[in-house]
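Structure first, commentary second.
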Amino acid sequence: MQLYKSQKLKVYNSLSGKKEILEPITEGAIGMYVCGPTVYSNVHLGNCRTFMSFDMIFRYLKHLGYKIRYVRNITDAGHLENDADEGEDKIAKKARLERIEPMEVVQRYTVDFHNILQKFNFLPPSIEPTATGHIIEQIEIIKDIIEKGYAYEINGSVYFNVPKFNETHEYGKLSGRKLEDMIANTRELTAQNEKQSPQDFALWKKAEPQHIMRWPSPWGDGFPGWHLECTAMSTKYLGESFDIHGGGMDLKFPHHECEIAQAEATNGVSPVKYWLHANMLTMNGKKMAKSTGNNILPDEIFSGDNTILSKAFSPAVVRFFMMQAHYTSILDLSNDALLASEKGYLKLMEAMNGIEGLSTSSSSDFDVSTWQQKCYDAMNDDFNTPTLIAHLFEAVKHINALKEGKETITESDKQLLKSTLNAFIFDVLGIENKNESSSGTDKLADLVSLLIQLRKDARDNKDFATSDKIRDQLAALGIQLKDGKDGTTFSVN
RNA sequence: GGCAUUGUGGCCGAGUGGCUAGGCAGAGCUCUGCAAAAGCUUGUACAGCGGUUCGAAUCCGCUCGAUGCCUCCA
């Protein structure tokens, strides 16, 4: 199904500062690159939000029928602690501190990253390349940039010449900065710097003898600069010009700015048509930072093993919570907010579980196809998941009214309602229904049905002591009985 | 200090020149043996101060606050 032909999708392009209709370079196909994690410690929750936003975007583009290649890299080298000459590679530093091989650090935290993403029900990207797997490509690009006069070698390191580039190109166009202002506001660097200009950035860093991560190059042993890997990998897998580049807001400058500079210096063309930036996650109104303790790991939320939240929350609930905010807005995580999302999530899932059992009629009180288009309109407006979710709750109201027999629906509308909800909740938002299809659920259902029957017998005999005991003890186990017009149902919390 | 984003009812969070966001919490009602669940009803929110306009939460200016970047950071 090529839904994209009938659904006009608009995206907010950070480069233009406007919402633009998404028109892929090649019709029906999209190339998307997202800056992945530096695997030097456990992936943190804010990181997850960014990747989740792009997972949702990936899912929606797929849903619209685009043929999409989604590349999300793993940074396993080149990410420096700081920009001074003695700046140390993050991976190498961690390896040194823990006295293990750099690749052990990479392996450990790559596994952690994948593990967490899987819990959050992420779709794997089409390609997940690593920086260390593309050293040759990076060296080739550096050679090319030097040849074109936009980089210089000094003491075995190579730097990008920003002022030179700025003479013929516009450095800072993505982040709204001007080179002159940046020069005027440059802080004093403490160490002597071999860079010609403070704005210049490293393409290749010389490895001192004690450095453990090193590769041979025309400039001697060293390692690549961080900004370069994304240019190398995006160019290799998506071409010199591709459709969407995503990442966190904080990467806009300097990382993405440098990517543009590198690509334009080599290829002469702007590498990306649409720049998409996901906003930050705060906790209790403050930025999440390990240094202040205002930080929580995904697994600590899932297990409840933390001092910040009153209970454990499932990955599905956290995902639902994040989807209730627009990806370009700052989102604040708090105990109250998660509790509210959990209730909303359960309400939504309860409605989903009830659709199949709805009886149908010859007419519908609910205009399902109009509602369906409203859902698409929300998503087409720069992936407005909060508005989409508001529409989903509108459907929940109708489902509940249908359950009570207060409204009617035709069989075809019911099927449309069901398929649309399935598509948006499970396929697009990627929210899992944890009450469904886990092994043992059927037996549990049979068992609870038995207890419901016993309770009904007791109630019919006005033996309320027994009936209440069954109900209350089940409630204590997290199984809630719900008396409706057509008998009793239950839900598991 | 500079650049950028942002400030919505008790909480979270959409929207954007006139028309109900939504979820959670609260109150009342219906249903019920009692509950729960569900349904219905209910909130005159848009940081402050000015300005533009027939009309602004929505546009403009200023003030105050928050967040991000400016050094690695999703």
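Within every chain, numbering begins at 1; the chains are lettered A, B, ... in the order of the sequence lines, protein sequences first and strands thereafter. Below, each value reflects all heavy atoms present in this structure, side chains not excepted, and no hydrogens, waters or symmetry copies.
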Pair A:E257-A:H227, side-chain donor/acceptor within less than 3.5 Å: no

Whole-Å gap separating C1' (B:rA38) and CZ (A:F393): 14 Å

Of the nucleotides B:rC3, B:rA38, B:rG22, which one has an atom closest to the side chain of A:R177? B:rC3

Looking at B:rA37, I'd like to know if its phosphate oxygens (OP1 or OP2) sit under 4.0 Å from a side-chain N or O belonging to A:K403. no

By nearest atom, which of the nucleotides B:rG39, B:rA21, B:rA74 is closest to the A:E404 side chain? B:rG39

Base, sugar-phosphate alone, or nothing: which one does A:A278 contact when heavy atoms must sit under 4.0 Å apart? nothing

Does B:rC11 have OP1 or OP2 under 4.0 Å away from a side-chain N or O of A:S334? no

Should A:K252 be listed as having a side-chain N or O under 4.0 Å from OP1 or OP2 of B:rA4? no

Using whole Å, what does the distance between atom P of nucleotide B:rU67 and atom CG of A:N284 come to? 12 Å

Spacing of the P atoms in B:rC12 and B:rC34 (rounded, Å): 38 Å

State which of B:rG33, B:rA38, B:rA74 makes the closest approach to the side chain of A:K347. B:rA38

Between CD1 of A:I330 and P of B:rC69 the distance, given in whole Å, is 11 Å

Rounded to whole Å, please give me the gap between CG in A:N279 and P in B:rG7. 11 Å

Once you apply a heavy-atom cut-off of 4.0 Å, does A:L348 come out as touching a base, just sugar-phosphate, or nothing? nothing

Can you tell me which nucleotide in B:rG33, B:rA14, B:rG22 comes closest to the side chain of A:P386? B:rA14

Round to the nearest Å and state the distance from A:K456 atom NZ to B:rA36 atom P. 22 Å

Go through B:rG22, B:rC69, B:rU16 for me and flag the one nearest to the A:A390 side chain. B:rG22

Which base, if any, makes a Watson-Crick or G-U wobble pair with B:rG22, both distances under 3.5 Å? B:rC12

Please tell me if A:N384 has a side-chain N or O lying less than 4.0 Å from either OP1 or OP2 of B:rG15. yes

In this structure, how many angstroms lie between the C1' atom of B:rA74 and the CG atom of A:N47, rounded? 4 Å

From B:rG23, B:rC69, B:rA74, pick the nucleotide closest to the side chain of A:L251? B:rA74

Please state whether the rings of A:F320 and A:F393 are parallel, tilted or perpendicular, taking 30° and 60° as the class boundaries. perpendicular

Distance between P atoms of B:rC46 and B:rU8 (Å, rounded): 10 Å

State whether A:K406 and A:E404 are salt-bridged, where the test is any N-O pair (Lys NZ or Arg NE/NH1/NH2 against Asp/Glu carboxylate O) under 4.0 Å. yes

Which nucleotide in the set B:rA21, B:rC69, B:rC34 lies at the smallest distance from any side-chain heavy atom of A:D468? B:rC34

Hey, is CD on A:Q118 packed in by over 12 heavy atoms from elsewhere, all under 6.0 Å? no

Answer with base, sugar-phosphate or nothing: what part of the nucleic acid does A:L392 contact at a heavy-atom distance below 4.0 Å? nothing

Find the distance A:M280:CE to B:rU67:P and express it as a whole number of Å. 14 Å

Tell me if the NZ atom of A:K10 is crowded by more than 12 foreign heavy atoms within 6.0 Å. no

Which base, if any, makes a Watson-Crick or G-U wobble pair with B:rC29, both distances under 3.5 Å? B:rG39

Could you tell me the Watson-Crick or G-U partner of B:rU58, where both distances fall under 3.5 Å? Say none if there is no partner. none

For B:rU67, which nucleotide in any strand shown is its Watson-Crick or wobble partner with both distances under 3.5 Å? B:rA4

Please determine, for B:rU52, whether a Watson-Crick or G-U wobble partner exists with both distances under 3.5 Å, and give it or none. none

Which whole number of Å gives the distance between the C1' atom of B:rA47 and that of B:rU58? 15 Å

Within 6.0 angstrom of A:K311 NZ, more than 12 heavy atoms from elsewhere: yes

Please pick, from B:rC34, B:rC70, B:rA14, the nucleotide with the shortest atom-to-atom distance to any side-chain atom of A:A325. B:rA14

Write down the distance between CG (A:L174) and C1' (B:rC69), rounded to a whole number of angstrom. 12 Å

Check: A:D377/A:Q373 side-chain N/O donor and acceptor closer than 3.5 Å: yes

Using a 4.0 Å heavy-atom cut-off, does A:K178 contact any base of the nucleic acid, only the sugar-phosphate backbone, or nothing at all? nothing

The side chain of A:N400 lies closest to which of these nucleotides: B:rG33, B:rG39, B:rG22? B:rG39

